[in-house]
Amino acid sequence: MVPRKRSLSSLFRDARLFYFKEAILLAKYGKETDAKWQKKWEDTGLYKFNRDRVDKKFYCLAMFSYPSAANLHVGHWWNFGLTDSYARVKRMQGFEVFEPMGFDAFGLPAENFAIKTGVHPRDSTQQNIATMRGQLRTMGAMFDWDYEVVTCEPDYYKWTQWLFLKLYERGLSYRKAAPVNWCPSCNTSLANEQVDGTSCERCQTEVTKKHLTQWFFKITHYAEALLAGLEKLAWPEKTKTMQKNWVGRSTGASIRFAVADSTAEIEVFTTRADTLFGCTYMVLAPEHALVDLLTAPERRGEVELYRDYVNKQSEIDRLSSTHVKTGVFIGAHAVHPLTGDQLPIWIADYVLATYGTGAVMAVPAHDVRDFAFATQYGLPITRVIGGATPEVDDAVPFVEDGILVSSAEWSGLTSATARERIVEQLVTNNQGRATINYRLRDWLVSRQRYWGAPIPIVHCDTCGIVPVPENELPVLLPYNVDFTPDGQSPLSKSEEFLRTPCPQCGIEARRDTDTLDTFVCSSWYYLRYPDNRNASAPWDPSLINRMLPVDMYVGGPEHAVMHLLYARFITHALCDMGYVNFTEPFKALTHQGIILGADGEKMSKSKGNAVSPDAYIDIYGSDVFRLYLQFGFNYLEGGPWSEDGIKAVARFVDRVERLADRVGELGRGARPQSLGPAEREVEYVVHNSIKSITRDIETFGFNTCISRLMEILNSLGRYDTEAAPKHAGFMRDSFAQFIRLLAPFAPHLAEELWAKLGHKNSVHLQEWPQHSEAALVKDTVELAVQVNGRIREKILVPSDVEEEAIKAVALTAEKVAPFLAGMKIHKVIVIKGSLVNIVVKPE
RNA sequence: GCCGAGAUGGCGGAAUGGCAGACGCACUUGACUCAAAAUCAAGCGUCCUCUGGAUGUGAGGGUUCGAGUCCCUCUCUCGGCACCA
């Protein structure tokens, strides 16, 4: 075991000692090369994170993965391997890169596998993790396994439970009875974010509603902070937009309507207070709490019938916008707050109990849904907004802003002004107020499944809900449990787990038998990584505040409103509680695309189009596989797998090795005193590549990085065959530069060739090359000469020549002349280093 | 329906408003070979009257000396949201 605290120089010394030992250089790159260097890197602790250099830290994180039984798939390589190449560049650039790895190990697949095969989730998960660890090592990434995190281990979930308790103390975790999303196939409740339209995000089964008492995290408390925090994040705009939409902030007014012959009031939320005078009826959601109270006796039968009918409708039907709206009058009337008119109160399935107040003021003239409903049931339609200009098509429903009409003293105002003025009046009358509504719902975290972190709560008949004291954590997940899914929490069937003395009164009580959503486990793992062995606290703030935020986070876009929103919420909450001093955990974010099967379909075993990395690695070695992934696709887009592509990359590696042999044959000749044209040409390509790669790696443009490497190789190959005289020293230096640039992208191959060049230390301890602008200035440049934007000629001019001289050459160029005949030269535009455009008009 | 992203050779994909197609794949031709593979060299958008010219980045308009790139309209593809008051 390598001690953790090591200075860079001691690392360097160890590495040197090791590298001084005679290295067996292999004839040709392949998996043996991989194995050899992986062992050396591990033995020398080459990639161990050095805490002494935390001020230079670069926390590079790829979303950890679920441990699966099979070998690594293309997606793992794509995410982890390429992120590693990015991190390697950062490391060569002088950063102390922190690149940990771990496993999101709780969750349904292991439990479902157990139900099918009888293998306990703990056993299968541990087995899978062992397999994956081994597999991940063959990738040759810089993972520092000293910092591994496994979420299903008690030393991790102890702190997941701690997190739950802290949120509970703070009032951010609470229990309530509510209709919740229920997946009949997974047999558990789900959070809103985990329902994809109307189906379960995991298994695509259509979700139903179930009335349950469950634990929620009060993410809505952070709605505003989560929106504001997005501003400063270097995240894809698309992802930020998705989060914004998910939070769904909408500004409007809350208006209270009195009910005739009743003390009850109906509160509605509206973004269109300007249309208040057009309100001709009220609608409550069928589930609204006031329905029972307000329904007239003679309407009760019909109302009950209707509520039953709505109950039986499936979610998918009710939410469909093509669904024909239905509803019934409940026999009561509301009073318009400004006119005193009596407005019939209806219940209808188009009003959602879960948004706003579950009630709306219906303005059929200015809302498409109210319009459809009013038309269908013959309710009055009163127009109160006119088009701002006569050209506006003002058929009803007219949903745009305009000028108020038939609205008492507010007539003539614009919608925007009226919204403010009408609310002011309502405030004066104590009938309403300006308010903001969010679409975001609190995060339901209870799951009626076995393989998760137990909720650290005890239910006591006398004391009620009692949190498990911190010093009694973790609440261990018992091993022997019947986890056949039947909708009951498996833990409720375990007597040994269930029964426990109440921490407060000591009388026998019952533990909470639900487990936490696995998204809770993954909402804080990035905080545990740097301090993963801390037994007395989830982390040491003095360390974490220096290690975080994550500098680059890489993972799939499918987590945009799940994991990424949850993690931000938890960090905001932890900051408020003083456990960390930052609110945003992920400074920068990159979403990788998806590698599809050769048929363009998503890879899957059932489709038979899955590509096994192992087969290719066996033949070509892991760097060839990694290089192909880097070269063959745009990282942000992905694309279909191609067999031909990987052969092309294997060929590139062959050529690199042949060139290395040539460099060996040529020996260590001197560098030329001054560079000749042939050398200048090579220098140009090398430095142009350094500049491009350094820039492109920042945006994960691996494909163009590899292209630039190929250009260097082509250039050196040309130099080798064509230059006379040829300078061995120059060739060797240029090749060494190439190997440095290659190192992050093909770490084993580069290491092998670096050793072959006679170097005694690792190429991965080298500094990243810097380009020289001087090398990018060519002696002569080729300029395109255009006449009216069309290329007519190409001229060679010295690069330092003045604009006037360029014009002169261009105007007298042989093939240009015919196009100038009989024309008047209007102007001549010179773009240095690129082109000349002669603008002419007929004389 | 609303919001967002995208459309470039036979294919994967490049191009701070400045020579479209970098870098590759596939293909064609040549060299080497008894032959094949490998390798090396050359060619490779389309069309024509072919040492040249015209045309060309989903379609149509516009701005500009100059547009794949900026603006408008449309088509299609992909993502997200969707009775959210």
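Note that these values count all heavy atoms, side chains included, but never hydrogens, waters or copies made by symmetry.
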Inset, instruction - Remember a base hit wins even if backbone is also touched, and classify Arg695(A) as base, sugar-phosphate or nothing at under 4.0 Å, heavy atoms. - result: nothing
Inset, instruction - Tell me the partner of rA41(B), counting only Watson-Crick (N1-N3 plus N6-O4 or O6-N4) or G-U wobble (N1-O2 and O6-N3) with both under 3.5 Å; none if nothing fits. - result: rU29(B)
Inset, instruction - Confirm from the modelled atom types if Lys827(A) and rC65(B) form a donor-acceptor pair under 3.5 Å, side chain to base only. - result: no
Inset, instruction - Figure out the CE/C1' separation between Met242(A) and rC81(B), and round it to whole Å. - result: 9 Å
Inset, instruction - Using the six-membered ring wherever Trp is involved, compare the ring planes of Trp346(A) and Tyr281(A) and label them parallel, tilted or perpendicular (cut-offs 30° and 60°). - result: perpendicular
Legend entry - Base-pairing mate for rA22(B) - Watson-Crick or G-U, with both contacts under 3.5 Å: none
Inset, instruction - Remember a base hit wins even if backbone is also touched, and classify Ser642(A) as base, sugar-phosphate or nothing at under 4.0 Å, heavy atoms. - result: nothing
Inset, instruction - Check every strand shown and say whether Arg790(A) touches a base, only sugar-phosphate, or nothing at a heavy-atom separation below 4.0 Å. - result: sugar-phosphate
Legend entry - Conformer about C1'-N of rG9(B) - syn within 90° of 0, anti elsewhere: syn
Inset, instruction - Would you kindly say whether Glu681(A) and Ser715(A) are connected by a side-chain donor-acceptor distance under 3.5 Å? - result: no
Legend entry - Any-strand Watson-Crick or G-U partner of rG4(B), both distances under 3.5 Å: rC78(B)
Legend entry - Complementary nucleotide of rA14(B), counting Watson-Crick and G-U pairs under 3.5 Å: none
Legend entry - Interatomic distance, Trp78(A) CH2 vs rG12(B) P [rounded to whole Å]: 15 Å
Legend entry - Donor/acceptor link under 3.5 angstrom from Asp644(A) side chain onto base of rC25(B): no
